[in-house]
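The structure appears below as structure tokens.
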Amino acid sequence: MRVFCASIATETNTFSPLRTDFSDFEQSFYAPPGQHPATPTLCSAVFPALRKRAAEGSIELIEGTATWAEPGGLVNAPTWLRLRNEVLDQLKAALPLDAAIFGLHGAMITDGCVDCEGDLLEAVRQIVGPDCRVGASFDPHSHLSEKRVRNADVITVFKEFPHTDFVEAGEACVDLTLKSARGEITPATSVFDVRMIDVLPTSIQPMRGFIDKLKQLEQSGTILSASVIHGFMAGDSPDLGARIIVVTNNEKAKGDRLARDLGMELFSFRGRAAPEFLTPNEALGRADASSRFPVVIADVWDNPGGGVAGDSTIMLQHVMEMGLQGVAVGTIWDPMAVRLCFAAGEGAEFDLRFGGKTSAHAGQPIDATVKVIRLVENAVQSFGTSVVPLGNSAAIRIGDLDIVLNTNRSQAFSPDLFTNLGVDISRKRILIVKSTNHFHGAFAPIAGEILYAAIDGPYPNDPRRTAYTRLKRALWPMVEDPHQEELA
Ligand SMILES: [Zn+2]
């Protein structure tokens with residue numbers, strides 16, 4: 001059996017001041033055919049899953065390109081066309097095929113295309129024909145279009161947010177697509193439009209129980225797969241919003257009913273699935289008064305994983321104004337400041353301006369006399385089994401305050417973003433990280449307490465106030481009861 005795989009992935013915040021081009025893909029992750037590492041990345045977990053089967057001799061694998069750019073602003077059209085055509089040319093050269101499997105994110109938007117993944121899957125279908133099985137794995141923070149559903153035989157989505165199960169989702173996509181190609185199953189996909197956009201972390205209730213229920217449905221053999229698309233509120237897409245996907249073994253009517261029931265259950269969670277969001281002063285005050293250290297505070301909306309810059313200084317300014325001791329902040333994106341730190345050298349003390357450069361909503365730059373504690377070329381942090389590049393990075397100290405500055409924008413995934421830069425987190429009282437929820441998996445085991453601070457900064461965090469231009473469907477919270485409105 002001949003199987004092709006490729007991966008093109010990024011998440012586009014169409015409201016971000018940033019722009020994304022090919023160099024962003026190169027800087028984050030770009031692997032031409034055959035050069036994918038042994039470890040998976042978030043969206044390319046189908047590669048190692050397929051290599052395992054190729055090594056066992058059950059398939060002949062033809063690898064295409066795998067690439068990922070850290071979430072950012074609009075992708076420029078030439079970059080998308082280059083990557084799209086590169087993969088489609090590889091696909092054509094790999095014919096004839098029994099299956100083609102793609103590791104996608106699902107929220108990529110360019111200045112010429114609002115549904116890149118739908119466009120890709122449609123082109124793939126035209127090339128491979130109706131008999132080749134097409135599988136795609138998506139991030140839940142994506143826009144599920146009808147075009148994607150029509151052109152893929154199997155769709156799987158990470159169930160967990162934080163996405164600690166990306167390897168399982170890639171494995172499931174490969175497993176179901178290959179079974180379908182062997183004629184062992186006939187996947188039928190049912191989709192229900194939940195008509196809401198919300199933040200849905202699965203580390204807490206009610207989503208925790210909901211995801212466990214989906215897993216039980218899969219394990220019991222009732223269905224082949226069930227997934228939740230959360231939607232991505234920073235993307236101006238006509239397909240914005242949550243969806244339920246149920247894949248049955250040729251039982252479409254049963255899948256439709258189940259997708260609807262699960263969808264309305266998810267809809268009932270609206271407005272109560274997110275953790276408590278505090279103001280910066282509330283979060284810092286509560287952390288300072290805690291007896292369980294370190295307290296981890298997530299700067300939830302300055303999250304590079306949501307496509308903003310990650311250079312906001314607002315939390316840090318509050319820390320300095322409050323005179324808090326034993327605080328570490330990671331990371332603030334500032335390639336220019338890192339360059340100056342490298343030029344100054346480890347141990348140097350000098351006046352540095354850093355942070356607050358890319359958005360009017362991200363606070364003022366900080367001017368301070370800093371000590372350079374550690375410099376690391378091509379620093380990394382871990383995210384599960386994947387390795388995330390931070391680029392050249394510097395740990396700087398102001399009094400008792402340690403700050404990690406990085407060159408490759410990246411959200412905070414793991415405490416090793418501090419320890420790899422020589423910051424001893426066991427001696428810290430408060431760790432401030434830029435992430436909405438992906439930090440949770442690796443920070444929870446070392447945290448005395450976890451708090452969420454919401455700053456009304458560069459991220460469009462309230463859909464009622466966001467100027468969506470492409471949305472034609474009624475969604476909660478813009479409409480109180482969109483399902484009623486639909487029926488009327
Ligand atoms: Zn995501």
Side-chain angles (χ1 to χ4, degrees), residues 7-16 20 28-29 40-46 67-73 75 102-109 116-117 136-144 148 155-170 172-173 194 196-204 207-208 210-211 214 227-235 237 239-245 266 273-275 298 300-308 310 381 383-384 386 388 409-414 433-443 452 459-461 463:
S7 174
I8 307 177
T10 190
E11 178 184 74
T12 303
N13 176 343
T14 54
F15 304 96
S16 172
T20 303
S28 297
F29 173 66
T41 74
L42 183 67
C43 294
S44 70
V46 297
T67 188
W68 152 265
E70 182 69 14
V75 178
F102 297 86
L104 305 173
H105 180 288
M108 179 166 170
I109 296 179
C116 293
E117 294 81 358
S137 116
F138 288 113
D139 185 294
H141 301 113
S142 56
H143 314 291
L144 188 71
R148 300 180 194 184
I155 291 176
T156 65
V157 182
F158 316 145
K159 286 186 175 58
E160 304 291 346
F161 175 37
H163 305 328
T164 49
D165 65 327
F166 61 90
V167 171
E168 287 91 329
C173 184
V194 187
M196 72 173 199
I197 182 74
D198 201 358
V199 178
L200 303 168
T202 61
S203 39
I204 53 172
M207 282 303 288
R208 181 67 263 139
F210 189 69
I211 295 302
L214 298 191
S227 305
V228 184
I229 296 281
H230 298 195
F232 180 57
M233 67 173 69
S237 161
D239 295 299
L240 180 78
R243 304 285 201 297
I244 296 286
I245 304 172
L266 184 69
V300 294
W301 297 130
D302 191 40
N303 168 20
V308 298
Q381 64 174 329
F383 181 40
S386 75
V388 180
R409 280 187 323 106
S410 174
Q411 72 172 299
F413 287 117
S414 160
V433 297
K434 292 185 186 290
S435 172
T436 308
N437 208 39
H438 283 324
F439 73 98
H440 196 281
F443 277 90
Y452 296 81
Y459 189 88
N461 61 73

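We count ligands from 1, going down the list as the structure has it; atoms in each ligand are counted the same way. Side-chain atoms are counted along with the backbone in the values below, which use heavy atoms only and exclude waters and symmetry mates.
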Exercise for the section: Compute whether any side-chain donor of one residue and acceptor of the other, for Gln381 and Ser414, lie under 3.5 angstrom apart. Expected result: no
Handout entry: Ring centres under 6.0 angstrom apart (Tyr459, Trp301)
Key = yes
Handout entry: Within the 6.0 Å centroid threshold, strictly below: His230 and Phe232
Key = no
Practice task
For residues Gln411 and Ser435, report the shortest heavy-atom separation together with the two atoms involved.
Solution key: OE1-OG, 2.8 Å
Fill in the blank from the handout: Protein-side N, O or S atoms sitting under 2.8 Å from the Zn ion (ligand 1) are Asp139 OD1, Asp139 OD2, His141 ND1, His163 NE2
Exercise for the section: Check side-chain contact (heavy atoms from CB on, under 4.5 Å) between Ser386 and all other residues, then give those that pass, not counting sequence neighbours. Expected result: Phe166, Phe383, Val388
Fill in the blank from the handout: Value for CG (Leu214) from CE (Met207), rounded to nearest 0.5 Å, stands at 7.5 Å
